[in-house]
Amino acid sequence: MELAVLENEAKAKLDSCHSLDGLEQLRIEYLGRKEGKITHLLRGLGKLPIDARPEAGSQINSLKELITTLFSDKQTAIIANEQNQRLFREKIDVTMTGFIPQVGKRHPITNVLEEIVNIFMGLGFEVEEGPEVEYSHYNFDALNIPQDHPARDMHDTFYISDTVVLRTHTSPVQIRVMQGKNPPLRIIAPGRVYRRDADVSHSPMFHQVEGLLVDEKTTFGELKAVLEAFLVAMFGKDTPVRFRPSFFPFTEPSCEVDIGCVICNRKGCGVCKQTKWLEVLGAGMVDPEVFKGVGYDSEKYIGFAFGLGVERLAMLKYGIDNIRL
Ligand code: DAH
């Protein structure tokens, strides 16, 4: 009677229970140690006549076992179900297109510098480096630019002290290399240089690549060939190249090298100031005074040198008209 009703009632409630919280409520309702309905029945056994107790006791205990088993089965089922739902919610579609993270790019200066270095390495030049904080002796005097030389004014120098400067060009590396090694020499020296100057085409810090070749025999013709080979590799085989006489204290004769304006294709524009040409290099045959200063025999050795601005080449190559960009 009562037990069968209780059993059906418990089964129905279990069926409609879908959460662990609800299950705990039901467990308390039936099996709770104080108020549980089955616990209550077991307690009531004492009120039955003695000979009825074993039979009733075993029936109630069977029901208790049954319900306990049903509860634990239900608990397993609810946990499994909740886990399935969570897995479903958290499932990852590994075939979905991912977010493409923003990554950095190499700076155009780095690219162009590497390109320049590679071209000259292909021509047999080795890379040398020198300090950015330099003695004014190396930056000027040893390059045949004495204290009162007007060329010093052109350099807008940052002075660290009376005798130390931020190098205004990479040419002092020539001196350091010649002091440390004997000819034959074929080097380039890339690096940062500094000048007190800032506008659309000048920046207080910029990059140059210096070149120096010293041997017992070389000619201005070889200098021209090297620079032409470089400019053609850099700007394309149809690039017009022009050598103009110029002056540098550390080379004699000296020249400046122009390429046909790559911005307007030699029609005339703001960048070439309607001249159709762009100056890209300074160069010349090493002045014997410079050789004397480093202890080279200027009768025995001859050399050529050149210097170029990396930002300028990068701007021309990428069509950028403001150095600050
Ligand atoms: N140092 C020069 C400058 O910064 C560039 C230069 C010109 C370097 C002629 C050279 C050279 O080696 O021969 O303006």
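Count residues from 1 along the sequence. All figures in this text were calculated on a predicted structure; none of them were measured in a lab. Both counts, for ligands and for their atoms, begin at 1 and track the order of listing.
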Q174 heavy atoms, cut-off 4.0 Å: which ligand 1 atoms fall inside? 12 (O)

With atoms numbered from 1 as shown, which atoms in ligand 1 lie under 4.0 angstrom from a non-hydrogen atom of S171? 1 (N), 8 (C)

Residue pairs fulfilling salt bridge (Lys or Arg N to Asp or Glu O under 4.0 Å) with at least one residue in residues 52-65, sequence neighbours excluded: none

R195 side chain to T168 main-chain N or O, any donor-acceptor pair under 3.5 Å? yes

Tell me which donor-acceptor pairs under 3.5 Å the side chains of residues 108-126 have, and how far apart each pair is, sequence neighbours excluded?
unit_1	atom_1	unit_2	atom_2	d
N111	OD1	R106	NE	2.8
N111	OD1	R106	NH2	3.3
E114	OE1	R106	NH2	2.9
E115	OE2	K317	NZ	3.1
N118	ND2	E114	O	3.4

Give the atoms of ligand 1, by number and element, whose distance to some non-hydrogen atom of G284 is under 4.0 Å. 13 (O)

Considering only NZ, NE, NH1 and NH2 on the basic side and carboxylate oxygens on the acidic side, decide whether E82 and R86 come within less than 4.0 Å. no

With a 4.0 Å cut-off on heavy atoms, does F250 reach ligand 1? yes

Between E252 and D287 (side chain of the first, backbone of the second, donor and acceptor by atom type, cut-off under 3.5 Å), is there such a pair? no

Per-atom filter on ligand 1: closer than 4.0 angstrom to a heavy atom of G307 are 6 (C), 8 (C), 10 (C), 12 (O)

So that I can tick it off, tell me whether E134 and R176 are bridged by a salt bridge, with the cut-off set at under 4.0 angstrom between side-chain N and carboxylate O. yes

Are any of the N/O atoms in T168 less than 3.5 Å from those in ligand 1? no

So for R195, does at least one of its heavy atoms come nearer than 4.0 angstrom to any atom of ligand 1? yes

Residue-level breakdown please: for A305 versus ligand 1, do any non-hydrogen atoms fall below 4.0 Å on the side chain, on the backbone, on both, or on neither? both

Would you say F248 has any N or O atom under 3.5 Å from an N or O of ligand 1, going by distance alone? no

Indicate yes or no for a side-chain donor-acceptor contact from R33 to the backbone of T39 under 3.5 Å, with no hydrogens or angles considered. no

Using a distance-only test with no angle check, is there a side-chain donor-acceptor pair under 3.5 angstrom linking H207 and E311? yes

Heavy-atom contacts with Q208 under 4.0 Å: which atoms of ligand 1 show up? List them by number with element. 3 (C), 4 (O)

Nearest non-hydrogen contact with atom 10 (C) of ligand 1 belongs to which option: E256, E210, E252? E210

